[in-house]
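The structure appears below as structure tokens.
Chain naming here is simple, since letters A, B, ... match the order of the sequence lines and numbering starts at 1 in each.
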Number of protein chains: 2
Amino acid sequence: MGRGRVQMKRIENPVHRQVTFCKRRAGLLKKAKELSVLCDAEIGLVIFSAHGKLYELATKGTMQELIERYGKYTGGPQLPDEVPMLEPLDAKKEIDMLKQEIQVLQKGLR
Amino acid sequence: MGRGRVQMKRIENPVHRQVTFCKRRAGLLKKAKELSVLCDAEIGLVIFSAHGKLYELATKGTMQELIERYGKYTGGPQLPDEVPMLEPLDAKKEIDMLKQEIQVLQKGLR
DNA sequence: CTCTATTGATAATC
DNA sequence: GATTATCAATAGAG
């Protein structure tokens with residue numbers, strides 16, 4: 001789109017990259033909403049900018065609910081009781097992961 | 001795009017809706033990848049079809065890592081100390097406790 | 001699925 | 001931010 005083609009690689013010019021990020025981010029969010037409405041799909045979209053700012057979209061409910069559904073889908077039917085142990089990560093990180101898993105499991109019990 | 005405009009509402013014809021879902025889903029995933037590459041952003045996209053099938057995309061790492069980052073972002077900066085901290089147990093001990101709880105929950109799910 | 005006609009997204013520009 | 005020339009996505013048809 002636009003005047004001239006676009007190389008599919010990181011835009012080096014910071015100003016240009018920022019402008020493109022804003023425009024395409026808006027376009028992506030719009031497309032996601034459209035797909036959700038047109039085809040009755042539940043969509044979650046999370047975008048972290050290069051600078052770490054968060055942009056999100058969740059159709060049908062909250063992002064948390066969607067994450068839980070995701071966890072249930074991937075952790076449930078597909079890998080019932082397979083616990084792929086990770087290497088000894090940072091303890092805090094591992095604790096957070098375990099807590100999240102517990103939340104998913106608790107939700108599944110209801 | 002295409003021949004004729006599209007009403008922004010749920011497509012009633014099931015065949016038409018399925019075709020549109022496939023096409024736009026592919027387009028959305030492509031756009032998400034492009035935004036990630038062009039603007040150096042980390043993007044997570046989760047799509048549940050109306051029938052419950054999951055389609056996902058995670059640029060830069062896994063979806064789990066992205067979810068963790070999301071949780072950290074929303075639960076961290078925004079609600080710094082609203083997290084009921086447990087007693088400062090030894091990290092290893094806490095991990096073992098959490099794992100045990102997970103096992104109990106998994107058992108309950110069967 | 002492949003193939004256009006046409007719209008919609010957007011890169012360049014102001 | 002708004003405008004416009006172009007390209008890319010896609011609706012409909014085969």
Check: Rounded to the nearest 0.5 Å, how far apart are OG of S36(B) and CZ of R24(A)?
Finding: 12.0 Å

Margin query: Please determine whether the number of non-hydrogen atoms from other residues, nucleotides or ligands lying under 6.0 Å from atom CZ of R10(B) exceeds 12.
Written below: yes

Checklist line | Along DNA chain D (nearest heavy atom to each residue), the more 5'-positioned of R3(A) and V6(B) | finding: R3(A)

Note to self: For a quick test of reading the model, state the closest non-hydrogen atom pair linking G52(B) to R69(A) and the distance between them.
What the structure shows: CA-NH2, 3.7 Å

Check: Where along residues 16-28 of chain B does a heavy atom come under 4.0 Å from DNA chain D, residue by residue in number order?
Finding: H16(B), T20(B), K23(B), R24(B), G27(B)

Check: What is the distance from atom CZ of F21(B) to atom NE2 of H51(B), rounded to the nearest 0.5 Å?
Finding: 11.5 Å

Check: Between L38(B) and G4(B), who's closer to the 5' end of DNA chain C by nearest nucleotide?
Finding: G4(B)

Margin query: Apply side-chain contact (heavy atoms from CB on, under 4.5 Å) to residues V15(A) and Q18(A) and explain how you reach the verdict.
Written below: CA-CA 5 Å; V15(A) 175; Q18(A) 172 61 21; 5.9 Å; no

Next item on the list: Measure from the side-chain heavy atoms of R5(A) and tell me the nearest of dA5(D), dA8(D), dA11(D).
Entry: dA8(D)

Next item on the list: Please find the earliest and latest nucleotides of DNA chain C, in the 5' to 3' direction, that have an atom within less than 4.0 Å of any heavy atom of chain B.
Entry: dT4(C) to dT10(C)

Check: In whole angstrom, what separates L35(A)'s CG from dA11(D)'s C1'?
Finding: 15 Å

Margin query: Using whole Å, what does the distance between atom P of nucleotide dA9(D) and atom CE of M8(A) come to?
Written below: 10 Å

Check: Rest of the hydrophobic cluster containing M1(A) (Ile/Leu/Val/Met/Phe/Trp/Tyr, side-chain heavy atoms under 4.5 Å)?
Finding: none

Notebook entry, point to check: Which heavy atom in I47(B) sits nearest to a heavy atom in A41(A), and how many Å separate them?
Noted result: CG2-CB, 4.3 Å

Item checked: Sub-4.5 Å side-chain heavy-atom contact between Q100(A) and Q64(B) -> yes

